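Everything below concerns the one structure shown next.
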Amino acid sequence: LEPGRTLDLGDLALVPEVPTSGTVSGPDGEPLEADFTIGTFAGDGTLDLDDDWTQRSEATGRFELFGLPAGRHVLQVSVQSGSPRSRPEAELLSENLIVDTRAGSVHDLDIRLPRPSRVSVRWASGARKDLRLRFLDEHGLPRQWGRFYLAAPESFTLPPGRWNVEVTD
């Protein structure tokens, strides 16, 4: 575009945000400051879980999630030491929480985080070292995943529940 020229972009439609709010507490009911990772279901039903779309609750446990369009979303909530991007060990960890904002705002979500379990996985000697492992919940949604490059054991943190394991290359 040359200086002084105008470019008409036509009519733009902004997608309205749908407020979602509530509180986060620990196993004993104490309010917690927690990290939220937010995923959105695509039109074909697949989950787009973006580690870059994170928000945090206040120290009082209150949270309000901004930027959610109307739709189905997955919240993964954790209290951990370090950054949510560096995969630190979680002290408290939610299951995949499905939130549906298609009908409008969702308020007063009460999220109670249980203490997680730690699972260690090691490939048998001679097995390929470039395989991926995903733990899927009862809805087939991923909760934890990793890739193996060495024969050393890989540790995963999972909330209580039943999990399916998927191994892919």
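Since we're looking at a predicted model, the values are computed, not measured.
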Gap between atom CZ of F66 and atom CD of Q55 - 0.5 Å precision: 7.0 Å
Evaluation steps, side chain to side chain contact (heavy atoms under 4.5 Å, CB included), between L133 and V165: CA-CA 7 Å; L133 181 78; V165 177; 3.1 Å; yes
Salt bridge (charged side-chain N to carboxylate O under 4.0 Å, His left out): pairs with one or both residues in residues 93-102, sequence neighbours excluded: D100-R102
Donor-acceptor under 3.5 Å (R143 side chain, L158 main chain): no
Euclidean distance, T60 OG1 relative to E58 CD, rounded to 0.5 Å: 4.5 Å
Minimum heavy-atom distance P159-S94, with the two atoms named: CG-O, 3.3 Å
Inter-residue atom distance I38.CD1 - L65.CG, 0.5 Å rounding: 4.5 Å
F135 and F156: CA distance, side-chain angles, deciding distance, side chain to side chain contact (heavy atoms under 4.5 Å, CB included) verdict: CA-CA 9 Å; F135 288 89; F156 297 90; 3.5 Å; yes
Atom pair CG/OG of L113 and S25 - distance to nearest 0.5 Å: 7.0 Å
Flag, side chain of T101 to backbone of P69, donor-acceptor distance under 3.5 Å: yes
ring-ring contact (aromatic ring centres under 6.0 Å, His included): pairs with one or both residues in residues 89-111, sequence neighbours excluded: none
Qualifying salt bridge (charged side-chain N to carboxylate O under 4.0 Å, His left out) pairs with a residue from residues 103-120, counting only residues at least two apart or across chains: E89-R118
Show every donor-acceptor pair shorter than 3.5 Å between a side-chain atom in residues 26-33 and any protein atom, with sequence neighbours excluded, or say none if there are none.
unit_1 : atom_1 : unit_2 : atom_2 : d
E30    : OE1    : D28    : N      : 3.2
E33    : OE2    : R56    : NH1    : 3.0

Other residues, nucleotides, ligands: >12 heavy atoms within 6.0 Å of R132 CZ: no
Under 3.5 Å donor-acceptor, S21 side chain and E64 backbone: no
From CG (N164) to CD (E138), nearest 0.5 Å: 9.0 Å
S57 side-chain N/O to A34 backbone N/O, donor-acceptor pair under 3.5 Å: yes
Contacts of N96 that satisfy side-chain hydrogen bond (donor to acceptor under 3.5 Å, both in side chains) - sequence neighbours left out: Q76, D137
Which residues share a side-chain hydrogen bond (donor to acceptor under 3.5 Å, both in side chains) with E166, sequence neighbours left out: R134
Hydrophobic cluster identity match, W163 and L93, side-chain contacts under 4.5 Å: no
Close side-chain approach of D48 to F41, heavy-atom, < 4.5 Å: no
Single-linkage hydrophobic cluster I98~V18, side-chain heavy atoms < 4.5 angstrom: no
Interatomic spacing from OG1 in T20 to CG in L75 - rounded to 0.5 Å: 7.5 Å
Side chain to side chain contact (heavy atoms under 4.5 Å, CB included) evaluation trace for L109 with F63: CA-CA 9 Å; L109 279 176; F63 68 88; 4.0 Å; yes
Shared hydrophobic cluster for L97 and V106 (ILVMFWY, side-chain gaps under 4.5 Å): yes
